[in-house]
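Each remark here refers to the structure printed beneath this line.
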Amino acid sequence: MSNLITLGRKALIARLETITQANGYRTDAGNNVRSGWFNEQVSAASASFPIIVVQRAKDQAPKFGGHGMRKLHGFIVVAAIEGGLDDYEDALDDLEMDLLQCLMPIEGVPCEWTPEGIPHVTLGIGEPVPPGDGLKAATIAIPIYLHTFIESRRD
């Protein structure tokens with residue numbers, strides 16, 4: 001039996017991997033999508049930019065009904081571009097626009113890139129962070145919640 005939480009995470013990663021100029025986006029950040037903790041990924045010896053990291057985050061409150069629940073499974077999509085204090089804003093804007101266009105839900109329409117059982121996603125408020133404090137990259141962090149329907153086990 002497949003784990004819907006795992007399938008959702010993998011679908012999110014696969015969707016982010018479509019962010020390439022060949023697919024009409026502004027950047028090729030989809031060529032460097034990772035899973036795990038952002039700080040660990042950018043401090044790895046093999047780190048390169050732009051980078052997108054799918055990191056687990058706090059869920060929103062679940063909603064219960066019948067013999068199941070709708071779990072609002074949380075992730076933070078953290079993307080970074082290398083740049084100095086004077087020349088990062090345009091590149092960060094491009095990266096943010098790519099993320100929003102890639103992940104944007106269409107209200108009232110089931111999400112086409114998620115597996116069955118995860119019909120919708122919700123985006124949270126993005127948070128940009130300039131380079132500095134030891135980080136050589138500018139980042140944008142966007143929360144995303146996968147609306148995962150989990151049925152109770154009936155033994």
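Partners of D93 according to the side-chain hydrogen bond (donor to acceptor under 3.5 Å, both in side chains) rule, which considers only residues two or more places apart in sequence or in another chain, do not exist here. Every side-chain hydrogen bond (donor to acceptor under 3.5 Å, both in side chains) that N23 has, sequence neighbours left out, goes to T20.
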Less than 3.5 Å apart, which donor and acceptor atoms pair up between the side chains of residues 105-121 and the rest of the protein, not counting sequence neighbours?
unit_1	atom_1	unit_2	atom_2	d
T114	OG1	C111	O	3.4
T114	OG1	I118	O	2.4

Side chains of residues 24-32: which donor-acceptor partners sit under 3.5 Å, not counting sequence neighbours?
unit_1	atom_1	unit_2	atom_2	d
R26	NH1	Q101	OE1	3.0
T27	OG1	A29	N	3.4
T27	OG1	D98	OD2	2.7
D28	OD1	Q21	N	2.7
N32	OD1	R34	NE	3.1
N32	OD1	R34	NH2	3.1
N32	ND2	S48	O	2.8
N32	ND2	S48	OG	3.3
N32	ND2	P50	O	3.1

List the atom pairs, with distances to 0.1 Å, where a side-chain N or O of residues 137-151 and a protein N or O form a donor-acceptor pair under 3.5 Å, not counting sequence neighbours.
unit_1	atom_1	unit_2	atom_2	d
H147	ND1	R70	NH1	3.1
H147	NE2	T122	OG1	2.5
T148	OG1	L146	O	3.3

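Summarising the geometry of F64 relative to M69, their closest heavy-atom pair is CD2-CB, 3.6 Å, with the distance given to 0.1 Å. The heavy-atom pair separating V53 from G36 by the smallest distance is CG1-O, 3.6 Å. Minimum interatomic distance between A80 and F49 (heavy atoms only, all atoms of both residues): O-CD2, 3.7 Å.
Screening residues 59-69 for salt bridge (charged side-chain N to carboxylate O under 4.0 Å, His left out), with sequence neighbours left out, gives D59-K71. Sorted by first and then second residue, the side-chain hydrogen bond (donor to acceptor under 3.5 Å, both in side chains) pairs involving residues 4-19 (not counting sequence neighbours) form an empty list.
Summarising the geometry, atom CD1 belonging to I52 is positioned 12.5 Å from atom CD1 belonging to I81; distances are rounded to the nearest 0.5 Å.
If you run side chain to side chain contact (heavy atoms under 4.5 Å, CB included) between E96 and each of L99, L100, D94, only L100 comes through.
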